[in-house]
Amino acid sequence: MWRMRVVHATGYAYKSAVTASYNEARLTPRSDQRQNVILNRVETVPATRSYRYVDYWGTAVTAFDLHAPHTELEVTASSVVETEKPEAPELEVTWSDLDSEAALDRFDEMLSPAHFTPASKRLERIGRRIARDHTPQQAVIEASRWVAGELEYVAGTTGVHSSGLDALREGKGVCQDFAHLTLILLRGMGIPSRYVSGYLHPHAEAEIGDTVEGQSHAWIQAWTGEWWYYDPTNDAEINEQYISVGVGRDYSDVTPLKGIYSGEGSTDLDVMVEITRLA
């Protein structure tokens, strides 16, 4: 088991005063079988009143709005989380199970194309080739490996508006692109799958008490009898170094911070993530 502290700070600077802004933050880690959230708070400067709710996909949301003129906005989420390596999936279904009316109805939203994961006839053909020689569980790993062979990880190559197919055309991308492209492939095979946002501590042998520059990260969950995690970027199942925050169909369902504001001009955005292993 690991215990980690994550501080995720996002700063906006507006070119002229904004008179009002309405915002949603998805920055609260999940409490589930492999994670226990000990502490979480989301604070803003200027100070705002906020309320929390859990969205349709099960992600905790902090909503806040600001009605005084402001030229800057800083949002800082601080969390302490205990994590464990997930247990290996025990239940395993067949391709015919996944093709049943019950499964298709239950997982319709996790089988359908989404904004960043559009359908692709080419990827459906590739998926059929993978499915021919593998069980659904094996196919998840093979699909991730196919993506790893097609994409080179290059930081800053794609924006948050790029789809998995855009990254495939470029031949390079970031973790978000690896996850999106894998989801397109899996859904084309008929494997229910979803996008996971969170954080990854970069060092497996991290010293307790050392604070490092962390990173927001993205991986996937696939359902092959039960939900389980896989990280296409690193071609590995996840472990204690991963902190899960949100799940959804693609990035648009788990955007860390989004909102609208009343005012003119563009904004400068600054993001900082620090992770400390506490135990």
Can you pull the side-chain hydrogen bond (donor to acceptor under 3.5 Å, both in side chains) pairs that have at least one residue in residues 67-76, sequence neighbours excluded? Asp65-His67
Between Leu168 and Leu123, is the side chain to side chain contact (heavy atoms under 4.5 Å, CB included) condition met? List the steps. CA-CA 10 Å; Leu168 182 59; Leu123 290 186; 4.2 Å; yes
Does Tyr199 have any ring pair (Phe, Tyr, Trp, His ring centres under 6.0 Å) partners at least two apart in sequence or in another chain, and if so, which? His8
[X] versus [Y]: any side-chain heavy-atom pair under 4.5 Å?
X	Y	value
Glu101	Leu104	no
Leu185	Leu183	no
Pro256	Thr10	no
Val80	Met4	no
Thr211	Ile275	no
Val254	Tyr195	yes
Val81	Leu39	no
Ile184	Thr182	no

Students often mix this up, so state it plainly: with edges at 30° and 60°, are the rings of Trp227 and Phe107 parallel, tilted or perpendicular? perpendicular
In terms of the angle between their ring planes, are Tyr12 and Tyr14 parallel, tilted or perpendicular, with boundaries placed at 30° and 60°? parallel
Check the pair Trp57, Glu109 against side chain to side chain contact (heavy atoms under 4.5 Å, CB included), reporting the backbone distance first and the verdict last. CA-CA 11 Å; Trp57 307 107; Glu109 290 166 316; 4.0 Å; yes
Could you grab the distance from atom [atom1] of [X] to atom [atom2] of [Y], nearest 0.5 Å is fine?
X	Y	atom1	atom2	value
Ser31	Ile38	OG	CD1	9.5 Å
Ser162	Glu170	OG	CD	8.0 Å
Ile243	Ser79	CD1	OG	7.5 Å
Ser144	Ile220	OG	CD1	5.0 Å
Leu111	Arg106	CG	CZ	11.5 Å
Asp166	Arg169	CG	CZ	4.5 Å

Backbone of [Y] reached by a side-chain donor or acceptor of [X] within 3.5 Å:
X	Y	value
Trp95	Arg132	no
Gln241	His201	yes
Asp55	Thr59	yes
Glu226	Leu91	yes
Thr255	Leu257	no

Cation over ring, Arg249 on Phe116, under 6.0 Å and within 45°?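 No, Arg249 does not lie over the aromatic ring of Phe116.
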How about [X] and [Y]: does a side-chain donor come under 3.5 Å of a side-chain acceptor?
X	Y	value
Thr19	Ser262	yes
His203	Asp210	no
Thr94	Asp97	yes
Arg34	Ser244	yes
Arg187	Thr117	yes

Heavy atoms only: give me the nearest [X]-[Y] pair and the separation to one decimal.
X	Y	value
Ala143	Met189	CB-CE, 3.8 Å
Leu165	Pro118	CD1-CG, 3.6 Å
Ile191	Ala139	CD1-CB, 4.1 Å
Pro29	Val37	O-CG2, 3.3 Å
Ala25	Phe64	CB-CE2, 4.4 Å
Ala148	Pro232	CB-O, 4.3 Å

Assess whether side chain to side chain donor-acceptor pair (under 3.5 Å) is satisfied between Arg30 and Gln35, documenting all intermediate values. CA-CA 7 Å; Arg30 307 169 72 78; Gln35 264 184 201; over 6 Å; no
Is it the case that one hydrophobic cluster holds both [X] and [Y], taking links as side-chain heavy atoms less than 4.5 Å apart, direct or via other members?
X	Y	result
Trp146	Ile141	yes
Tyr153	Leu181	yes
Tyr56	Trp223	yes
Val271	Val245	yes
Val75	Tyr51	no

Do the side chains of [X] and [Y] get close enough for a salt bridge, i.e. N-O under 4.0 angstrom?
X	Y	result
Asp177	Lys172	no
Glu82	Arg3	yes
Glu124	Arg122	no

Would the Tyr242 and Trp219 ring centres measure less than 6.0 Å apart?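 Yes, they do, as the ring centres are separated by less than 6.0 Å.
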Under the side chain to side chain contact (heavy atoms under 4.5 Å, CB included) criterion, do Tyr251 and His180 qualify, and how do the steps go? CA-CA 8 Å; Tyr251 173 81; His180 282 150; 3.6 Å; yes
Would you check, one step at a time, whether the test side chain to side chain donor-acceptor pair (under 3.5 Å) holds for Gln221 with Ser193? CA-CA 5 Å; Gln221 269 190 315; Ser193 48; over 6 Å; no
Determine, step by step, whether Leu200 and Asn234 satisfy the side chain to side chain contact (heavy atoms under 4.5 Å, CB included) criterion, reporting the C-alpha distance in whole Å, the side-chain angles of both residues, the deciding distance to 0.1 Å, and the verdict. CA-CA 11 Å; Leu200 171 61; Asn234 292 305; 3.8 Å; yes
